[in-house]
Each structure stands twice: as structure tokens, then as C-alpha cells.
Amino acid sequence: MKTILLRSVTILYPGSAFNNKTADVLIKDGKIAEVSQYIAAGDEDLVLIECQGKMLSPGFFDLNANLGEPGYETKEDLISGAAAAVAGGFTGLAVQPATHPPLHSKAEVSYIVNRSKDFLTDIYPVGCISFNREGKDLAEIYDMFLAGAIAFTDGSRPVCDSGLMSRALLYVKGFDGLIFSYPEDTSIAGKGKMNEGVMSTYLGMKGIPALAEEVFISRDLYLAEYNESKVHFSTISTAGSVSLIREAKKRGLKVSCDVAAHHLVLTEDSLADFDSNFKVKPPLRTLKDVEALIEGLNDGTIDAIVSQHTPHEIEFKDVEFEIASFGITGLQTVLPLALKAGLSPAQIAEKLAVNPRRIVNVPVPVLEPGEIANFVLFDPEEEWLFDDEANRSKSSNSPFMGQKLKGKAVLVCNKEQIVGL
């Protein structure tokens, strides 16, 4: 690996003496060699990169990515998913268990761990709560934990059985495990295709009310409090959800949550033309909800931003809106969407790199001599075209395809591997 000198880069490493300051960083053999106000280039055979205006953050970490493998490799396999992750600045991914077979035993978890061990991006399996994601019986949770699962969820299938969710929250306490809750009361959501409101009425579509999400958040907060367990809510989308979690944190409950990047910049109005690339779950909500989500990020109620990367083959999206599948590809668009939502570079480092790792007890990379270099160098002002040439995913179901986006990862490093983008 080449020796690299980053000249005059803005450091975004909480805990570093140079945090929020401009400095030079020298990387040798995949490790941080020196961090100083000024480092002479000398006569070394090094690559000098001028970084004025660029930001150096711990590599981003995504708590919610669907990669397909095993079973759905035509949507996304581990190799293509990791490539998309690197292009988006991610050096860590928590992959959802919605595969075939699901990640519901140590065999599937071990497969993911071993298959991806040499990737630049660290791939962390999230195991199922229930066997086969059916919501009936607990899966092999402790065995999966020993095999490398960092948390447990049934992915986009909510655990509707309150007793099962309660037992899962209690069970993982024994080894300080974590349950991810996808909050949706399916009996309320029904067969809704978008947010229930003025727009769904205008379009004549069945809606998913905010109540469907908020009822389950209330339920799981009560269950977590009863069991004295921690819980993490995935992809919250409503103002009411933000309020519920804010109050729970004030009461001292061990609760965290994340929001999908697209929910910070898109509203239900995007669906006026029935473009299925805007069809996601939870659905795009109202402007009031978007404003509440951004406020929740600013005041610390919402801990992390995720991609909710959900790739699909064209035949699942290029159909009538009613029957199109939910989800968009998101790994390469998280950074520009977070910037568009008004987050500062320091907030981006916190919500995309630091907090996600803390939630799942993964060590946060540090910027100290001798430490393995794990970082993303990004330019918040660089504009780039998200098209087929730039897309690293196998799928292209994104409403941002063909658009010029602002904010780009330009260099990613981890595990003695470095990629310039």
C-alpha cells in the first residue's frame, strides 16, 4: 500500500486533539503514521493529496443495508454491495437478514462473516429474531451472537407477537445483545402503499397511517422498560415517533433510533406521478414529519442515519405502482442527502460514523499514530452525476438516478486497503 500524505484536511474524529481542526495526516502501510499541523513531504515515495475544503471522518457505518446474498444475488451480492458501500464512503455495514434462507442460524451468519472477511468494508450480519422471520419462535439468537451477529431483527417484517418481542428483549440481556425493532402494526397498516393523508386521498391509494408506526413504538418502549432492556428503532418516519422516543430518553430508557436518508429530503408529494422508485416502507411522509425528523437529529433524539439500501431487479419496480416492491438503493446517496437536509460535516461524522458503531458496540476508529487507518475523505461541495456509470450496485431502483448530487466520498481506507473514487 502506498504512503499517502493528506495535506490540510479538516479532521472530524471526536476524541482527537485535532477534531474540527485542519491538519496533515500521514498514512503508511495502512496505519496512521503521524497527525500534525504540518508534515514535510520529504523525499519519500509518497502520494501527496491536497485536501483544502475536504473532511476526514471515520469510515461511515450503515445500520440498515439489504444485500441479497445468500439467495437473492440477482438483486445484490456481497461483492457488489460492498463496492456500492465503498463508493458511498462506508467502511462498515450491518446487513439485514432478509435473505433466502434468512440469517436465522449460525450457519448463515458464519457464511456472511467468512465470505466478506477480506473486503475493505466490514460486513456485520444482523440475525433474525424469529425462525424464518415468521414471528412465531425465537431463532438461534445466542448461537448467532457467538458466530458474529451484532444485533437481531426480522428486518422489514415487524414482530407482531408482543410476547415474542418481550422474550427477545429479555433473552438478549444475558449477553448485552440488541434488538432492532421495525415499528409497524400490520393490522393498522393493512395493504397501504403510501402515507395516509391528503395525497393518498388525491391519488386514490390505500394509505399507511402514522399511527401504525407509533403504536408499535409505544408498545416496544413499554416492553423495553418492563424488561429493563435496551431497544433500537429502525427507520422511524413520523413526528409522533420522534416525540415518543424523545420522551423515553428523558425518562432514562435505553433506547436509540435511526432514520433513512431519503426520509430527510422527500415527502409524499413525490408520489404524485406514481413513480415506483419513490415507493418505500415506511412510506414518505409529510413536510411536517420531515421537519420533525431533522429536529430530532439536531437535538440528539435520532442517533443515526441509514441507507435502508434495498435493491430490486427492474421487473420489481418497472410495473404499476400498486404492485411494485418497496425500497430504493441508497448506499451511494446517503452523504449527499444528509448534506441536502442541512446537516453539518461534524453532524455527518456523528450520525454516519460514530453513533452507529456505538449503538452496536463496534469500536469507533481513532486517528492516532500506530492505529489502523479507517476513514473516509469526503468533499461536501463536489458535484457528481449519479448515473449507470457511477452506480456500483447491481440494481438501479433509485429516484436519484440521472441527477447531479452534491457531496462525494473521494478516498476510503480500511484494513490496509485504500480506494480513490
Side-chain angles (χ1 to χ4, degrees), residues 60-66 88-90 93-94 96 126 151 153 155-156 158 178 180-184 195 208 210 212-214 216-217 220-221 231-249 255-268 270 278-310 326-344 346-360 398-400 407:
F60 299 152
F61 191 103
D62 190 8
L63 291 172
N64 190 321
N66 295 276
F90 291 92
L93 293 183
Q96 295 286 300
V126 179
T153 180
S156 57
L178 179 63
F180 282 13
S181 169
Y182 173 67
E184 182 192 71
N195 180 55
I208 302 174
E213 177 173 307
E214 293 157 12
F216 261 36
I217 285 183
D220 289 349
L221 287 173
V231 66
H232 177 82
F233 291 103
S234 296
T235 60
I236 69 168
S237 67
T238 76
S241 297
V242 176
S243 296
L244 287 166
I245 293 169
R246 181 181 289 121
E247 290 305 311
K249 286 190 170 187
V255 55
S256 57
C257 65
D258 64 57
V259 60
H262 46 266
H263 280 114
L264 300 175
V265 298
L266 299 174
T267 69
E268 60 182 0
S270 302
F278 289 99
K279 186 179 180 181
V280 293
K281 205 171 191 183
L284 300 177
R285 304 288 188 179
T286 66
L287 180 60
K288 178 183 175 183
D289 293 307
V290 170
E291 291 170 346
L293 292 170
I294 293 173
E295 181 183 352
L297 284 167
N298 289 331
D299 69 17
T301 300
I302 299 177
D303 303 276
I305 300 172
V306 300
S307 73
Q308 203 185 18
H309 181 74
T310 308
F326 291 99
I328 67 173
T329 60
L331 283 168
Q332 291 180 243
T333 56
V334 173
L335 174 61
L337 294 186
L339 288 165
K340 187 175 182 180
L343 272 72
S344 68
Q347 284 179 304
I348 286 171
E350 176 191 6
K351 306 296 184 181
L352 281 179
V354 177
N355 286 356
R357 288 181 170 89
R358 288 177 176 167
I359 288 168
V360 291
S398 169
F400 306 104

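None of the values given here were measured: they were computed from a predicted structure. Here, residue 1 is the first one in the sequence, and each next residue gets the next number.
Counting non-hydrogen atoms of other residues, nucleotides and ligands closer than 6.0 Å to NZ of K249 gives a total above 12.
Separating the OG1 atom in T333 from the CZ atom in F400 is a distance of 6.0 Å, to the nearest 0.5 Å. Going from atom CG of L337 over to atom CD of Q332 covers 12.0 Å, rounded to the nearest 0.5 Å. Put simply, CG on N298 and CG on L343 are 6.5 Å apart, with the number rounded to the nearest 0.5 Å. A distance of 8.0 Å separates OG1 of T301 from CD1 of I245, quoted to the nearest 0.5 Å. Taken to the nearest 0.5 Å, the CZ atom of F326 stands 15.5 Å off from the CZ atom of F278. Taken to the nearest 0.5 Å, the CD atom of Q308 stands 7.5 Å off from the CG atom of N66.
Donor-acceptor pairing under 3.5 Å is lacking for the side chains of T238 and R285. Side-chain contact annotation: N64 with S234, donor-acceptor N/O pair under 3.5 Å absent. A side-chain N or O of D220 and one of S181 form a donor-acceptor pair less than 3.5 Å apart.
The minimum heavy-atom distance linking T153 with Q96 is given by the pair CG2-OE1, 3.7 Å. Considering every non-hydrogen atom in both H309 and G330, the closest pair reads ND1-N, 3.0 Å. For the pair K351 and I302, the tightest heavy-atom approach, listed with the atom from each and the gap, is NZ-O, 2.8 Å. The heavy-atom pair separating F233 from F216 by the smallest distance is CE2-O, 4.4 Å. Contact record, L335 with G407: CD2-C, 3.9 Å, taken as the closest heavy-atom pair. When all heavy atoms are compared, the tightest approach of I236 to L293 is O-CD2, 3.9 Å.
Taking the side chain as every heavy atom from C-beta outward, L284 and T267 never approach each other to under 4.5 Å. Between L352 and V334, some side-chain heavy-atom pair lies under the 4.5 Å cut-off.
In terms of modelled atom types and a separation under 3.5 Å, the side chain of N355 and the main chain of D303 share a donor-acceptor contact. In this structure a side-chain-to-backbone donor-acceptor pair under 3.5 Å is present from H263 to P282. With hydrogens and angles disregarded, a donor-acceptor distance shorter than 3.5 Å links the side chain of D258 to the backbone of T235.
The aromatic rings of H232 and F180 sit tilted relative to each other, their planes meeting at an angle between 30° and 60°.
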- Message: Assess the residue pair E213 and S237 against the criterion (side chain to side chain contact (heavy atoms under 4.5 Å, CB included)); give the C-alpha distance rounded to whole Å, side-chain angles, the decisive distance to 0.1 Å, and a yes or no.
- Response: CA-CA 8 Å; E213 177 173 307; S237 67; 2.7 Å; yes
